[in-house]
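Chain A is the first sequence line, chain B the second, and so forth, proteins listed ahead of strands; every chain is numbered from 1.
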Amino acid sequence: MYNKSIDEKWQKEWENNKIASFNKDNIDKKYYCLEMFSYPSGAKLHVGHWYNYGPVDTFARFKKMKGFEVFQPMGFDAFGLPAENYAIKTGIHPYDSTMKNIETMEKQLKAMGAMFNFDAEVITCKEDYYKWTQWLFLLLYEKGLAYRKKANVNWCPSCNTVLANEQVINGECERCSSQVTKKDLTQWFFKITDYAEELLEGLKELDWPEKTKKIQTNWIGKSTGSIVTFDVADTDLSLDVFTTRVDTLMGVTYVVVAPESDIVKNLTTKEQENVVNEYIEKCKLVTEIDRLAENREKTGVFTGSYAIHPITKEKVQIWIADYVLATYGTGCVMAVPAHDERDFAFAKKYNLPLKQVIAKKEDVRDNKNIDVVYNKNEAYTEKGVLVNSGDFNNFTTDEAKTEITKYLKSIQKGDFKTTYRLRDWLVSRQRYWGAPIPIIYCDKCGIVPVPKEDLPVKLPYDVEFKPDGKSPLAKSPEFVNTTCPHCGGHATRETDTLDTFVCSSWYQFRYPDNKNSEKIFDTEWIDKMLPVDKYVGGPEHAAMHLLYARFITKVLRDAGLTKVGEPFKSLVHQGLILGPDGNKMSKSKGNVISPDDYIEKYGSDVFRMYLMFGFSYIEGGPWSEEGITSMSKYILRLERILDKINSYKENENTSYSDEDKELLFTFNSLLKGINNDLELMQFNTAIAKIMEITNALYKYTQKDDESILNTKLLKEIAVLFIKVIAPFMPHFAEEMWSKYGKEFSVFNTTYPVEDEKYLVKDTVELAVQVNGVVRYKIVVPTSADEKEIEEIAVNNEKLKPYLENKSISKVIVIKSRIVNIVVK
RNA sequence: GCGGGUAUGGCGGAAUUGGCAGACGCGCCGGACUUAGAAUCCGGUGUCUCACGACGUGAAGGUUCAAGUCCUUUUACCCGCACCA
């Protein structure tokens, strides 16, 4: 009887026989199947991991049986905050807790029985991995893609530390819920913005969920418009603004600069100095919560300076206001209160002038009074024509955008410009548990990268990692103090560590060459193994990990280390398994399902079968206790049926009865569906079809007189069926395969495909509709053409009642689908 | 506010892409076997109706011989972005 001990038996055999190993000679048939690696935080493998790894293992085994040389590695994204926070709470060192967790999780992964290639394992917190993460950092540094600058970062005043963006939940610290403020710190950045356009363009060719592509598209946020230069009156300063609505240029009545901009102090006049400084200070105190508040009232102050309109040469006031973002565009906008809602609100509050420059075509033609009263719907209109705009009057908005920019260009006051919302990637973390940034600061030589031959810069074990606002590594003199690789003088090390997303941005390249101690990876080999053919993981990584990994891949390509431009050719996001109560599983809600208990009770195959059958894979849904017991019952029933068939003596029946033919038809047509479903990762419908085959086999064996059964045929089908179920229930199938006296392993056999000759039937049943409602069924020869089908359908006795006082006006015949008779 | 998605029996979910709605499973009802339960097996199970039949895929319209599927409007929930000039 199938249970956990059968799991263990075959797991041992698979390991001994290296069923998961990759045969390099077979590279032409390689299939790189990758699941997002797991994060060994305080917990064990949870249902989410299983839902990711179990079904995808079924897919991988299917591909293997389809003749592919499958590479399915697994590893651990082992650096990062959760381990460190756990350490802070318990006092257990992150290295120790992480290693212990990895050990537990490896055991669990093996108990899952997935075909993971553990020879290819990577663990990002180990020296032989993070050495190359550091190497990668130096590569970016060499290429000018890693740079240091002062940045305004998230700061938690209670934890006394910086926070990553993803740790800020609605303006609060994820750990202590204090309000997050901003602080200026000098940080390392990766210049991902250099690749903005390519990252956007590259999406087109990817087989990814549209939603994920959309998220990346929005994240990159391309926007095309113009740059316009405003000179500052009575100075030699000038302000560049970015706008997508340069057609409204003649409606500019003031200019606004972000309060954080450096230029502000040069713009501020003596008289305004106090108000401006006061305002800047006030902005710094605004919490994230307030900043994100909806419909927040706009505030700002006048700098005392004036900008000169590039075309009219009119003077307009320059203000500072925090509704202008320092980090987008040029940090400076031209305000057109008549045609922009935000500018309107601001202008109204501070009594700034309004000037309408776009009006409806009809109003212009009819010479209507076009004095403005701001109307949200009309203000945004791009279908109007220009008014009050001098030479540009009567241009449509589209024409005006081009013509005005062209004109500005000719007087050197502007140009076409594309901007992106994407910002450079901040990779510094004031944290202990990460890869040290391989940089040395020398008083004489400045920033000096650690020579590559000196890598890795080891993360010291013995460090006080509790946070107090300084990087923990700064508190280790042995780590900090070093000699300059250039001049040999005294120098200090960078004490920040790298964001863990850096570690996970390139792991897909390391798996196939994980033991390479000479190079980050072997280019020739990697170009054969990459890209990943199927990547599966949660949708929460849509904008971060998946974008970073694409960026780093392009950097590696431009450095000549690979030809691959996109790491993940095809991507699938599995859904989320919720608690039985329909809520997200969480300890506080007490609705967490622990896989281990179920594996113990039912075995791995039952658990993964339930996960595959109970939900649409990309949707997920709430856990059901009944669901898993019913799956256990199903497998036991299947076992009884297969055992019974196995016990039959094989007879010498050579001809097929109608029942035999029916069984062959059912089996082959469902087999066809299973193959299709698996290619599309539609596990639930594939299993439904497996159950239908089970039911058909069961029904067939119900005649208890063995002698009238075609047991030869039955056994042949059973053997094929065991192959069919193998990817779904690997342990159980291997057990049955062995019971049927077949040679180990079922996974070295070929996955069955339907035999077309059993799918051909002499006759086919068609539904006949009268005026769109099914009224009766007809049986027609498969070979019958539309005319013949129509004849059979129309001449049916059952049609008569519907023809009383009526006649047939039309007959639609869809071959092998349906007949619809329209009567009037 | 902008963008994307979802909505089908008591429940999880199907539906060859416009062609017999509810596959498969759970649950429930009835029956067999049992002293009894568990397990197993057989039959039934969208709603209304005694029935003929009618109605039925969040709601309202529309296109079509035919709509869960296409179009318009609308509601609820989920996700992403959020003063992006």
Side-chain angles (χ1 to χ4, degrees), chain A residues 209-219 221-223 225-226 241-246 248 256 258 291-298 321-325 327-336 339-343 345-346 376 419-423 539-540 542-543 576 610 613-616 618-631 633-634 636-637 640 669-670 672-673 676-677 682 684-695 698 702 765-777 809-824:
Chain A
E210 284 307 315
K211 191 180 171 173
T212 307
K213 290 197 202 181
K214 196 82 195 174
I215 288 172
Q216 292 212 347
T217 302
N218 292 342
W219 193 266
K222 182 178 182 172
S223 152
S226 309
V241 306
F242 173 73
T243 180
T244 55
R245 292 297 306 274
V246 74
T248 64
V256 196
R291 207 185 65 78
L292 296 171
E294 258 177 85
N295 298 327
R296 183 167 160 244
E297 185 156 356
K298 291 185 173 37
D322 70 352
Y323 81 91
V324 175
L325 306 174
T327 47
Y328 182 75
T330 60
C332 179
V333 305
M334 58 179 224
V336 187
H339 302 287
D340 182 280
E341 204 182 351
R342 296 153 303 182
D343 296 341
F346 192 80
K376 192 179 159 186
T419 58
Y420 299 87
R421 219 152 84 183
L422 186 69
R423 320 248 169 96
E540 67 275 11
L576 189 65
Y610 165 63
F613 181 62
F615 316 89
S616 156
I618 57 163
E619 296 290 330
W623 175 269
S624 151
E625 204 61 34
E626 289 86 10
I628 193 151
T629 51
S630 86
M631 188 50 76
K633 286 179 192 173
Y634 165 71
L636 295 177
R637 175 167 178 256
R640 285 194 300 273
S669 59
L670 289 167
K672 186 176 181 176
N676 287 338
D677 288 348
Q682 286 167 4
N684 56 344
T685 50
I687 292 173
K689 288 173 185 114
I690 285 175
M691 288 173 165
E692 285 188 69
I693 294 176
T694 309
N695 292 341
Y698 175 77
Q702 275 323 89
E765 190 185 64
L766 288 183
V768 181
Q769 298 181 327
V770 180
N771 289 340
V773 183
V774 177
R775 295 299 180 183
Y776 55 93
K777 307 272 167 96
S809 73
K810 200 174 179 184
V811 179
I812 292 111
V813 178
I814 309 295
K815 232 183 139 185
S816 71
R817 292 276 160 85
I818 207 161
V819 180
N820 193 5
I821 302 169
V822 186
V823 303
K824 272 182 192 160

Peer 1: B:C81, OP1 or OP2 - any side-chain N/O from A:Y328 closer than 4.0 Å?
Peer 2: no

Peer 1: Which value, in whole Å, describes the distance between the C1' atoms of nucleotides B:A85 and B:U69?
Peer 2: 41 Å

Peer 1: How is A:V768 classified with respect to the nucleic acid when contacts are heavy atoms under 4.0 Å: base, sugar-phosphate, or nothing?
Peer 2: nothing

Peer 1: For A:F346 and A:Y323, take the angle between the two ring planes, folded into 0 to 90°, and tell me which bin it lands in: parallel under 30, tilted 30 to 60, perpendicular over 60.
Peer 2: tilted

Peer 1: Taking only the C1' atom of each, what is the distance from B:A66 to B:C29 in whole angstrom?
Peer 2: 36 Å

Peer 1: Quick check on B:A14: is either OP1 or OP2 less than 4.0 Å from any side-chain nitrogen or oxygen of A:S616?
Peer 2: yes

Peer 1: Summarise how protein sits on nucleotides 23-32 of chain B as a single string, 5' to 3': B when a protein heavy atom is under 4.0 Å from the base, S for sugar-phosphate-only contact, - for no contact.
Peer 2: BBSS------

Peer 1: Can you tell me which nucleotide in B:G3, B:C20, B:A85 comes closest to the side chain of A:T243?
Peer 2: B:A85

Peer 1: Does A:G331 reach a base, just sugar-phosphate, or nothing at all? Heavy atoms under 4.0 Å.
Peer 2: nothing

Peer 1: For A:F613, check ring pair (Phe, Tyr, Trp, His ring centres under 6.0 Å) against everything at least two apart and list the hits.
Peer 2: none

Peer 1: Which residues pass the side chain to side chain contact (heavy atoms under 4.5 Å, CB included) test with A:E625, sequence neighbours left out?
Peer 2: A:Y598, A:W623, A:I628

Peer 1: Mind listing the side-chain donor-acceptor pairs of residues 813-824 of chain A below 3.5 Å, one per line with the distance, residues two or more places apart or on another chain?
Peer 2:
from, atom 1, to, atom 2, distance (Å)
A:N820, OD1, A:G772, N, 3.1

Peer 1: Roughly how many Å apart are B:G68 and B:U57, using the C1' atom of each and rounding to a whole number?
Peer 2: 5 Å

Peer 1: Name all residues meeting the ring pair (Phe, Tyr, Trp, His ring centres under 6.0 Å) criterion together with A:Y634; count only those two or more places apart in sequence or in a different chain, and write none if there are none.
Peer 2: none

Peer 1: Which residues pass the side chain to side chain contact (heavy atoms under 4.5 Å, CB included) test with A:S630, sequence neighbours left out?
Peer 2: none

Peer 1: Among all residues two or more places apart in sequence or in another chain, which pass the side chain to side chain contact (heavy atoms under 4.5 Å, CB included) test with A:L576?
Peer 2: A:L578, A:K584

Peer 1: Using the side-chain heavy atoms of A:K298, tell me which of these nucleotides is nearest: B:G19, B:G4, B:C83.
Peer 2: B:C83

Peer 1: Output a table of nitrogen or oxygen pairs between the protein and nucleotides 62-66 of chain B separated by less than 3.5 Å.
Peer 2:
from, atom 1, to, atom 2, distance (Å)
B:C65, O2', A:N820, ND2, 3.1
B:C65, O2, A:N820, ND2, 2.7

Peer 1: If you restrict it to nitrogen or oxygen atoms, what contacts under 3.5 Å exist between nucleotides 51-56 of chain B and the protein, and what is each distance?
Peer 2:
from, atom 1, to, atom 2, distance (Å)
B:A54, OP1, A:R775, NH2, 3.4

Peer 1: Syn or anti: how is B:U6 classified when any glycosidic angle within 90° of 0 counts as syn?
Peer 2: anti

Peer 1: Taking B:G80 as the reference, what is the distance to B:G62 when you measure between their C1' atoms (whole Å, please)?
Peer 2: 33 Å

Peer 1: Who pairs with A:T685 by side chain to side chain donor-acceptor pair (under 3.5 Å), at least two apart in sequence or on another chain?
Peer 2: A:D677

Peer 1: Going by the rule side chain to side chain donor-acceptor pair (under 3.5 Å), which residues pair with A:K211 if we only count those two or more places apart in sequence or in a different chain?
Peer 2: none

Peer 1: Only counting residues at least two apart or in another chain, list the ones meeting side chain to side chain contact (heavy atoms under 4.5 Å, CB included) with A:E692.
Peer 2: A:L670, A:K689

Peer 1: Roughly how many Å apart are B:C70 and B:C79, using the C1' atom of each and rounding to a whole number?
Peer 2: 26 Å

